[in-house]
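In what follows, every chain begins at residue 1, and chains take the letters A, B, ... in the order their sequences are listed.
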Amino acid sequence: MAKDNFIIRIGGDTAVGGVISTGDNFAAAAARIGFRTFTFRTYPSEIKGGHAWFQVRISNKPVYSLGDGCDILIAFDQHAYELHQGDLSQNGVLLYDSDLVQPSPNGNIIRYGIPFQKIARQELEFVRGTNVLILGVMAGLFGLPPASLKEMVKTRYKRRAELMEKNIQALDYGYEYTKTIQKEDKFWLGTADHVARLIMTGNDAITAGALHAGCRYFAGYPITPASDILETMASQLPRFGGVCLQAEDEMAALASVIGASYAGTKAMTATSGPGFSLMTELLGLASMAEIPLVIVNSQRSGPSTGMPTKLEQGDLFQALYGGHGDFPRIVLAPASVQNCFRVSVLAFGLAEKYQCPVILLSDQSLSHRTETIGHVDTDVFPVVDRLRPDGVDPETYLRYQYTDDGVSPMAIPGLDSHTYVAPGLEHDERGHPQLSPEVHERMTAKRFRKLDTARLEIDNEELCPRYGDDQADLGIIGWGATQGSIREAVDRALAAGLKVAAMHPRVLNPLPEERLREFVSSVKHVLVPEVNYQGQFAHHLAANLGVQAIRLNKIGGLPFTPGEIYNKIEEVLVHA
Amino acid sequence: MAKDNFIIRIGGDTAVGGVISTGDNFAAAAARIGFRTFTFRTYPSEIKGGHAWFQVRISNKPVYSLGDGCDILIAFDQHAYELHQGDLSQNGVLLYDSDLVQPSPNGNIIRYGIPFQKIARQELEFVRGTNVLILGVMAGLFGLPPASLKEMVKTRYKRRAELMEKNIQALDYGYEYTKTIQKEDKFWLGTADHVARLIMTGNDAITAGALHAGCRYFAGYPITPASDILETMASQLPRFGGVCLQAEDEMAALASVIGASYAGTKAMTATSGPGFSLMTELLGLASMAEIPLVIVNSQRSGPSTGMPTKLEQGDLFQALYGGHGDFPRIVLAPASVQNCFRVSVLAFGLAEKYQCPVILLSDQSLSHRTETIGHVDTDVFPVVDRLRPDGVDPETYLRYQYTDDGVSPMAIPGLDSHTYVAPGLEHDERGHPQLSPEVHERMTAKRFRKLDTARLEIDNEELCPRYGDDQADLGIIGWGATQGSIREAVDRALAAGLKVAAMHPRVLNPLPEERLREFVSSVKHVLVPEVNYQGQFAHHLAANLGVQAIRLNKIGGLPFTPGEIYNKIEEVLVHA
Amino acid sequence: MPDGAKVARAPGAEVISVKEYKSGDKPIWCPGCGDFGVLSATYKALAALQLQRHEVVVVSGIGCSSRTPYFLSTFGVHGVHGRSLPIATGIKLANPALTILVMGGDGDLMSIGTGHFTHAAARNIDLTCVMMDNQTYGLTKAQSSPTSFLGHKSKSTPYGVVAKPINPVLFALASGASYVARGYSARPNDLADIIAGGIRHPGFAFIHVQSPCAEFFNTYDYYDEHVESLPPDWDAHDLKAAVDLALTEEKRHLGVIYEEERTALSDAVRKFEPDTKQFDLTAYLQRFS
Amino acid sequence: MPDGAKVARAPGAEVISVKEYKSGDKPIWCPGCGDFGVLSATYKALAALQLQRHEVVVVSGIGCSSRTPYFLSTFGVHGVHGRSLPIATGIKLANPALTILVMGGDGDLMSIGTGHFTHAAARNIDLTCVMMDNQTYGLTKAQSSPTSFLGHKSKSTPYGVVAKPINPVLFALASGASYVARGYSARPNDLADIIAGGIRHPGFAFIHVQSPCAEFFNTYDYYDEHVESLPPDWDAHDLKAAVDLALTEEKRHLGVIYEEERTALSDAVRKFEPDTKQFDLTAYLQRFS
Ligand SMILES: Cc1ncc(C[n+]2csc(CCOP(=O)(O)OP(=O)(O)O)c2C)c(N)n1
Ligand SMILES: Cc1ncc(C[n+]2csc(CCOP(=O)(O)OP(=O)(O)O)c2C)c(N)n1
Ligand code: SF4
Ligand code: SF4
Ligand SMILES: [Mg+2]
Ligand SMILES: [Mg+2]
């Protein structure tokens, strides 16, 4: 039987190029006709040169992670072959440039060697067509109707007729070429469900969510892997009456976001670790002056410049504890591309309601990977606006009024006549500087009270879902983009008869304590897998809930595979 | 019997001035003749205007804290009287300006009302002499030989004969005036031991320690309460062949310290919370590139600008977790002015040995309070220098060589011919950019290994002293400047028959885990008192050692008194 | 925003008095501090333009001078050290109808805030930046500042300042400020005119105010001797002349040194997509299908 | 440090070849990138001055251009974005005998690093700052930079740049740079001379290099048309002339635009207390008794 659920990996050097785009195009074409896709990409930090690879998992059923290893490896060069061939599954396919790659004998895989570059050069007289040629071969070999690919090529080159022509030729050549090949493998895309799906990256979904939530000011400074949020905002915001600013640095970006929000506009910035480090002084100001705003940190591998194009969940400490002094901030982490919508809208909702900075932790893999996603139900994303001093006498208006829930009405310049000065100094209810011990105590407590109030609305099933066995022995607690791999590992464990469940909170501060406590006390072991060295989330759980978890840490710039997590489950439950 | 162990508090408005200097002068004079003194000062964040107060505790025996309340209150104005009279001890003394203060009747205190300002204006025709007049009265009333005060006045005005004359007159007038007063209290300074002592602030001791350790480069940006470290370095470093730079901001300060250290010079910066927030990106670079350096953070009350002239232990989170990504840094906290020497020298020792940033957490109270300290034994402060590539072939030199202890030889430009590039990117042993998973894993582990090595040399009695009952039921774990108040509270508890002990580590990261674990497991309850809202150290202990401590938190800009800690001890051991 | 809008007053509306711009909170500056003069000039400028208090935002960083917002009855932000201009940028871009004043010290704007100054000027953000230059750090008690005299001895530079002092007027011109003027705190009436001019100017207005620190660096005598009005026929639209003056002046000239009409970013960005659409998620998502 | 020391070579010592300044690591730039030209000019300048490799430190921030240190066999620091100048300042102050080159991009030095640039120039730190200006952010893939042309459309400014582009030469002059020059990556020999001149200059030398980004913003044609040598009789010691040129130039002039002898901070600080004492804790503590 043909297998229409498989993983293709493409590897090559960026000096030649086309690795990422070839994969992206194939994935997009498959998605267009109704397959579910899940992609992953990783590239060097140089603009040209260095090894990049791309992976797409294609299936007729929902996919939650990039999967384990790959079924089909397309090696542009020898280095790619050597690096990835060990990940090829049993009976997997190696498709390679027969002039550039010398595969060693291996009875477990099926090999198709084609002189791609030579064909492009000699037959097509179009060296830059190599990628499209390969695309054609892939379509022919694995059952992708070439029509959709042709559509894409046409759109892309619609203003350059000659190039379009040549690319179509290359595509056709590749497709026809496969008829000469004796197909030995069983990977073949059957008919998909033809349901319309969106193909989006995490950054796309975060941006869309923000726009939906009413964000109308964005300021940012370019940084991988957050730059495309800035770029999308730059092109989109003006269409909806908003403004986007490329700031001179990250401090200016956040400062201007503070200003815009003070002036009544929902506002956001997006950065990665280094930029976030520069923002922590202003983060404290936002919390002190109670300014609603959202900061996206698309984490990359640190410390310092680190591995700027690789993922890591290494900035949780910084999000939770960065900045001087004691001040509340809310920290969120979306668990998938689809979930990025919800969490992005939630970020604005919580920021506006609790008038404090909200940090949304994404990471390089989530920001840049694409997923096919189904219906986006806008109704379940409530849009929230801040409390204003309606009906309050401007003469007696207290901007920082002590209230039970910690939230006080916020006046907007130009709209409200309730003038006040937003202070970085400790202040009384009016906002006037006041350095007495009593006021500092009360104001600090008032500010933190907002987190207690917020906790009540996030400690629930929707924002802290549980998955798996009701009677689990092992409970996995994860955060952020690892959700899909954990879920698939849990599925595998359940199938193997292991009693496992997983919990995956979207809100990391304040923690959904009740649900977490209940979960922890219901299992024998707790496992916290995360992509960092210090076990930052496990540490957070230990400090706040006294949880002594088994830690599973991976660093190095690649996400967890389901298999890695499954192995740990087995180790804990079977071998221990 | 006369009591020569007492606490004087002086309060007034800075618009009039003299509150702090009057107290300082009295304290200094008392110290000169051999008394132990311990001062505390707190002032508004404005330059002129607002209430300031000063307190000095004077004793013939060692004093460890500012004590509880005060025995003598000198009220410059009605506000000062109202604010502080409640802290006056039974049979305490109120000395006040009889034209400006209306004390309410109170049989428990002794009152001396003197029209200070009127005397200065009418009798002395020298309004600015009010403070010296009061000093004279204090000397006469409480038994301070006026000779030492005269000496101070003379030195101060040695270039302005007329002013000197007038001040001496005011001093004499005040001293003589007391002969007309019927002394009713029992506070009287007897003869002191005449042992030579130093009067230093924490900042003085940190600076002296740094100079002793070999620090020859300092860069800083002014900020309360760290500015005087910059100022002392600016005047002193050039005398010893060093350089001090007032940088344009804190990022420039730390960046230049990184540069100076890279170039082979022991280097330091000093700041407070807001400045430290700005430094966290560069902190990561220093850790990544393995550059030895010391950052002093004299903590003030946050968040944001907060209460810039008040103390708080609110930046521990920031010191431990600030910055993006996983990277090692060492965090120290001196426990007293005397201890500032040791910890400052230690900071350089650890920085040089482990080639990483060392953060020294002081706070406003410790930085600015004076203590009389006895002999400074320079021999117990080992001076350490970094490992150099002596004997290593420059061709095969590996700057970031994997070693068992994590420490690799560091070449110095100009001195060594082992050229290399210090990288913020992840790198191989040479220092060359390398983004492979394996290298990132190994290099991260190598960097963190330095903390494990360092832990071995700090997990000892000297750097983590224990005090109190060997069989304690309650163990107090404190950090930083709270040591003195804890010690006096423990003494009081021991006297009351309560079984209490205290441990006070100077190194907060890496923690002296063995000693802490042993201590924790030897007691029934653990109490962690600290001057912040979130219980940052208690949180650190919970996350790392699983300690579930009782927390005692105080915020508001004032240090713990021994009584406050004692009350908590009692609450835990007696009433619970 | 059209110039006129800023000074429009509904016909028959009551006149807003100078007093109404005072917050009622007494300035905490030392007696004799130059900042008193700047504050009173600011009150006067606001009254002269009859601006609505709730349509004015005064933004500052940290420093003695940066305390100013608390003494006005308008909206205000007392931010962190050095970041007043980017905060003000965000306010202006979010609501261009507001009148923005940025007030701060030589340390705040020309030491830690140098980069923001240049970029706010280059973008020509429509606001008025009043720098109260006392050539020292007042609030942190008398360290040197980037405008301190060469050789100036202070606690942080006991052997004297070695760096070439920043010339604020030259620096503003080189950064692209479109209105550059100088005032003196001891001449609050003239200063009020200059500030009003800056507010009326549709772009980045920089006002360099010599404002002595009475407590730590009393320069009244020096300024009294060194200030001088611009020549009566001064052509404020000549950039080269303005730069030459800034380069060579031995006296500190008071008045409007340079003025230029240039599109302000706050206006430009509103014109990018003149037809504002309502955001509709379903429609927006089409691009991803 | 005396000028001569930098170029001294022991008599009879071997000549250091251009090749010896190469690290052996191949530059990772795209084919055609202007930075290749700047790098080769740098090798040549070092060889011309016969500097010892271990007495040279090349400091950079982050960006394509900031990768330069890895391609030299000297010492180097690849720091964080925007902070190369203060890192270099610390190195120079700690050891004034070292020769310091700061290499970076227009984003690194004139966006996030603007403030440090001004203050390093004002302090006249003795180093040579080579700005590889491609008028874009290369490494982050083609956003606008502070030197991008007015109206330039990029991914981050799809409706065109509105901010007035920073004029690097004018900005350097206004900041107090004591050597200001311009080169073009496509003329590496001339550039080598200019860099060597900057290294010889005892103070803050700024070299503005037009260095096109072949991948994202190919400006070779534009520069080929717009560059022009300075007039042969150009007086590089006239600040006013230099500023006027910078203000008005339609062509981009190549060569040394301005040069001035001024005490460098790195020298001045060494003279504060000429008689260096040994630190002795016991003696030092006397002041506290
Ligand atoms: C990040 C940070 N660094 C340092 C400080 C300390 N600080 C407060 S005001 C100031 C400078 C004040 O000088 P200036 O801006 O000229 O204002 P002035 O007081 O002279 O009016 C400094 C360094 C701070 N608040 N925040
Ligand atoms: C704090 C911080 N913000 C942003 C970045 C991302 N970043 C890397 S290089 C760069 C700009 C590159 O432009 P430029 O300095 O002109 O160098 P070029 O690549 O053009 O040579 C940016 C924004 C970063 N590394 N660190
Ligand atoms: S210290 Fe100087 S600047 Fe500050 S308020 Fe006093 S006089 Fe004014
Ligand atoms: S992206 Fe541009 S600047 Fe970067 S290496 Fe390529 S051509 Fe050079
Ligand atoms: Mg000032
Ligand atoms: Mg560039």
>> I need the minimum non-hydrogen distance between B:Ser304 and A:Gly424, along with the two atoms involved.
In response: CB-O, 3.4 Å
> Where on A:Gln299 is there a heavy atom nearer than 4.5 Å to chain B: the side chain, the backbone, both, or neither?
Replying inline: neither
> Which region of A:Asn544, side chain (C-beta onward) or backbone (N, CA, C, O), has a non-hydrogen atom less than 4.5 Å from a non-hydrogen atom of chain B, or is it both or neither?
Replying inline: side chain
> Tell me, side chain or backbone of B:Gln536 under 4.5 Å from chain A's heavy atoms, or both, or neither?
Replying inline: side chain
>> Let's test your reading of the structure: which of B:Gly50, B:Pro274, B:Pro44, B:Gly323 forms the most heavy-atom pairs below 4.5 Å with chain A?
In response: B:Pro274
Show me the donor-acceptor pairs within less than 3.5 Å that the side chains of residues 278-285 of chain A make with the rest of the protein, sequence neighbours left out.
residue, atom, partner, partner atom, Å
A:Thr280, OG1, A:Ser277, O, 3.1
A:Thr280, OG1, B:Ser277, O, 3.3

> In terms of heavy-atom pairs under 4.5 Å with chain B, which of A:Gly302, A:Ala542, A:Gly273 leads?
Replying inline: A:Gly273
> What part of A:Ala289 lies closer than 4.5 angstrom to a heavy atom of chain B: side chain, backbone, both or neither?
Replying inline: neither
> What residue, out of B:Ser287, B:Ala538, B:Ala445, B:Ala319, has the most heavy-atom pairs lying under 4.5 Å from chain A?
Replying inline: B:Ala445
> What is the minimum heavy-atom distance between B:Asp326 and A:Tyr533, and which atoms define it?
Replying inline: OD2-N, 2.8 Å
> Where does A:Arg447 contact chain B at under 4.5 Å (heavy atoms): side chain, backbone, both or neither?
Replying inline: side chain
> Who pairs with B:Pro433 by side-chain contact (heavy atoms from CB on, under 4.5 Å), at least two apart in sequence or on another chain?
Replying inline: B:Leu425, D:Arg67, D:Tyr70
> Of the backbone (N, CA, C, O) and the side chain (C-beta and beyond), which part of A:Ile555 lies under 4.5 Å from a heavy atom of chain B, both, or neither?
Replying inline: both
> Do A:Ser301 and B:His440 have side-chain heavy atoms sitting under 4.5 Å apart?
Replying inline: yes
> Non-hydrogen atoms of chain A under 4.5 Å away: do they reach the side chain of B:Leu435, the backbone, both or neither?
Replying inline: both
> Which bit of A:Met443 comes within less than 4.5 Å of chain B, counting heavy atoms only: side chain, backbone, both or neither?
Replying inline: neither
> Based on non-hydrogen pairs under 4.5 Å, which of B:Pro303, B:Gly275, B:Ser272 is most in contact with chain A?
Replying inline: B:Pro303
> Out of B:Gly546, B:Pro423, B:Gly325, which one racks up the most heavy-atom pairs below 4.5 Å with chain A?
Replying inline: B:Gly325
>> Tell me the closest heavy-atom pair linking B:Gln534 and A:Phe327, and the distance in Å.
In response: NE2-N, 4.0 Å
> If you round to the nearest 0.5 Å, how far is NE2 of B:His539 from OH of A:Tyr321?
Replying inline: 3.0 Å
>> Counting only non-hydrogen atoms closer than 4.5 Å, does A:Phe276 touch chain B with its backbone (N, CA, C, O), its side chain (CB onward), both, or neither?
In response: neither
>> Which atoms of B:Gln548 are under 4.5 Å from chain A, going by heavy atoms: the side chain, the backbone, both sets, or neither?
In response: side chain
> Top residue by heavy-atom pair count (under 4.5 Å) with chain B, among A:Ala286, A:Pro437, A:Gly322?
Replying inline: A:Pro437
> Measuring from B:Thr271:OG1 to A:His324:NE2, what's the distance to the nearest 0.5 Å?
Replying inline: 9.5 Å
